[in-house]
Amino acid sequence: MFRRLDASDGAPAPRTVRITVDGAALDCRDGDSVAAALFAAGITACRDTAVSGVKRGPFCMMGVCYDCLVGIDGRANQQACMTKVREGMAVQRQIGAREVPI
Amino acid sequence: MSSPGPMPNCDLLVIGAGPAGLAAATCAAELGLDTVLIDEQPAPGGQIYRAIGSTPVQDRAILGADYWHGLDLLEPFRRCSTRYIAGAMVWAVNRLEDGKFEVAYTTTADHQAHLLLARHVTLATGAQERPFPIPGWTLPGVITAGAAQILLKTSGVVPEGTTVLAGGGPLLYLLAWQYLNAGVKIHSILQTTPPGQWRHALPHAWGFLRSPYLGKGMKLLSAVRAAVPIVTGVTAIEALPGPGTGQLAELRYSAGGKTRTLAVDQLLLHQGVVPNTNLSRAIGADHAWSDRQDCWEPAVDAFGATSLPQLTIAGDGAGIVGAVAAEHRGRLAALHAAASLGHIDSKARDRAAAPHRAALARAARGREFFETLYRAAPALRRPVGDTIVCRCEEVTAEQVRQAARMGCQGPNQMKAFLRCGMGPCQGRFCGLTVTELIADEQGRHPRDVGYYRIRFPIKPVTLGEIATLPQTDESRSAVVRFKK
């Protein structure tokens, strides 16, 4: 589990940004990556792998490992660690086999 | 469709906004070069100074003075004339017949692809953590120490519950120290550095004794030792899932001939850092194996010049020397770019380079000691059995070893056999391991085994993004021809 530290040293708190994760509202802080917001919310697994269907979550947090892939606003396979939260953003964990819309 | 204007161009393109990139871009702009800096992250700083301009961890005692030094690079960069393109991923660099580089990149916020012409390119793409393939390293709950530090810097997000740090290298202890400063509890540090290794490092101690690291490093280590139990001589680590959860629940490790199991919430792994070479490889620069650091490094001269004309590499991407060295290497690369583009003559270049060379030598002092002391044990670099080697395609060590025993000729044929290295990370987290496993099984040197052939695009790009590239008359007529 992860938590947020209060080390602002008197600086004003960042604005709260509300996103949804699998439809449920989640309050994040402006400046968070989607992956950081997931960690802060206690979500460490964000997808099932395409090869064996096991759980995976963010691993490197710097855009290298591609284990943090999620759906963002309807676009699949986005790097959660490289995407900043935006007000109203809809994040979808990639659970189960992927579907190709026909 | 309207015809595009002329392709945007510049004298110097710097890729990466860590210490090397920021210093290179600032120095080049001051020398009068029309400079562009492209970086993947939304804000400058790279990984070492990640979120330097926006971190919520404003209490400076937590991240420490070395982190806040990043502001000394950021402020001059913000004042200089470099055009800064943030949140943009370079995926192809094509050398044209006239010697210029045609660079394709995507701005990630709008998924729009762009082209840019550059007369000189400086890669400042830095380092990534060395793959540390242990059983269970793919489980949610296991992240790298670098990832944990990025969570701290960017969002002030820290672990709670039972947290174990494992591996070796300066970053592991730096993170532990920063957590202590922030009041974060660490259960223990599992140190994989072989206990006798300091004896090998001793011949390099003279440099270390004169290095700027000594005082700082000792202070940091003694603070960590006083507060966190350190288990030394750890030879094996295994992350285990909880029943039916598929997430980390337990840790098993061996030290001093005994095996222990421990319930944990987080495992943070680290085994040093290695140059990020995908871009330099894809462009076609020469690389060589470093026996001291067990990784590939681009072949560069004292200015960072590569085997290709008008291509330089600065910072840890050219071989690991650390953040302070990176900024001086950035300035040296900028001076070289200015000279090779005819903005200054070689005498002026050498004159301006002298203080940076001296500073680089000072910053590099003591590195051999570190490298030898923290060199990862062979058993931790060359896994066996069911341990996953390629995280993307879920290829195990035994599969790679078996293919090597069957006579697989090298990493490229291994891709065809097992798909390892063919997932979205493009070998970044398996390439070194695959090279070493083939070397191990076939009794060859890693330098002779070689590496994956890296091709553009060096990061996954969608067809839709490629379709947004500006069209030229030639590209349009190439398609129209087939429509007739």
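Computed from a predicted model, the values in this text were never measured in an experiment. To find a chain, count down the sequence lines: A is the first, B the second, and so on, and within it residues start at 1.
- Contact of L248(B) with chain A is not made at all, since no heavy-atom distance falls under 4.5 Å.
- Other residues, nucleotides and ligands contribute only 12 or fewer heavy atoms inside 6.0 Å of the CG atom of D386(B).
- V54(A) places a side-chain heavy atom less than 4.5 Å from the side chain of E394(B).
- At a 4.5 Å heavy-atom cutoff, the contact between Q266(B) and chain A is made by side-chain atoms alone.
- Interface remark: P241(B) contributes no atoms to any contact with chain A (heavy atom separation under 4.5 Å).
- The candidate from R29(A), M82(A), Q79(A) with the greatest count of non-hydrogen atom pairs under 4.5 Å with chain B is M82(A).
- Residues V158(B) and R3(A) form a side-chain contact, since some pair of their non-hydrogen atoms from C-beta on lies under 4.5 Å apart.
- Contact annotation for E393(B): both backbone and side-chain heavy atoms come within less than 4.5 Å of a heavy atom of chain A.
- Side-chain atoms of R75(A) and H111(B), non-hydrogen and from C-beta on, do get closer than 4.5 Å to each other.
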#### Entry: Residue pair E40(B), M62(A): steps toward the side chain to side chain contact (heavy atoms under 4.5 Å, CB included) verdict
CA-CA 9 Å; E40(B) 279 184 336; M62(A) 54 177 277; over 6 Å; no

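- Interface remark: Q47(B) contributes side-chain atoms only to the contact with chain A (heavy atom separation under 4.5 Å).
- Taken to the nearest 0.5 Å, the OG1 atom of T163(B) stands 7.0 Å off from the CZ atom of F2(A).
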### Stepwise side chain to side chain contact (heavy atoms under 4.5 Å, CB included) check, S155(B) with R4(A)
CA-CA 8 Å; S155(B) 294; R4(A) 286 189 196 268; 4.2 Å; yes

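- One distance of note links CD1 of I150(B) with SG of C81(A); it measures 7.5 Å at 0.5 Å rounding.
- Going from atom SG of C65(A) over to atom CZ of R391(B) covers 5.5 Å, rounded to the nearest 0.5 Å.
- Only the side chain of Q78(A) comes within less than 4.5 Å of a heavy atom of chain B; its backbone N, CA, C and O stay farther away.
- Among the candidates G57(A), S52(A), G31(A), the residue making the largest number of heavy-atom pairs closer than 4.5 Å to chain B is S52(A).
- Of the possible donor and acceptor atoms, one in the side chain of K55(A) sits under 3.5 Å from a partner among the backbone N and O of T245(B).
- Counting heavy-atom pairs under 4.5 Å between each of Q58(B), Q128(B), E160(B), Q247(B) and chain A puts E160(B) at the top.
- Chosen from I62(B), D265(B), T138(B), the residue pairing most often with chain A at heavy-atom distances under 4.5 Å is T138(B).
- Heavy atoms of R419(B) lying under 4.5 Å from chain A are absent altogether.
- Looking only at distances, no side-chain donor or acceptor of K459(B) sits under 3.5 Å from a matching main-chain atom of V64(A).
- Within the 4.5 Å cutoff, no side-chain heavy atoms of M61(A) are placed close to those of I143(B).
- Residue contact with chain B, scored on non-hydrogen atoms closer than 4.5 Å, is absent for C28(A).
- Taking the six-membered ring for Trp and the full ring otherwise, Y66(A) and F429(B) have centroids separated by 6.0 Å or more.
- The contact between D67(A) and chain B is made entirely by side chain atoms (from C-beta outward), counting heavy-atom distances below 4.5 Å.
- Using a 4.5 Å heavy-atom threshold, the side chains of Q41(B) and K84(A) count as separate.
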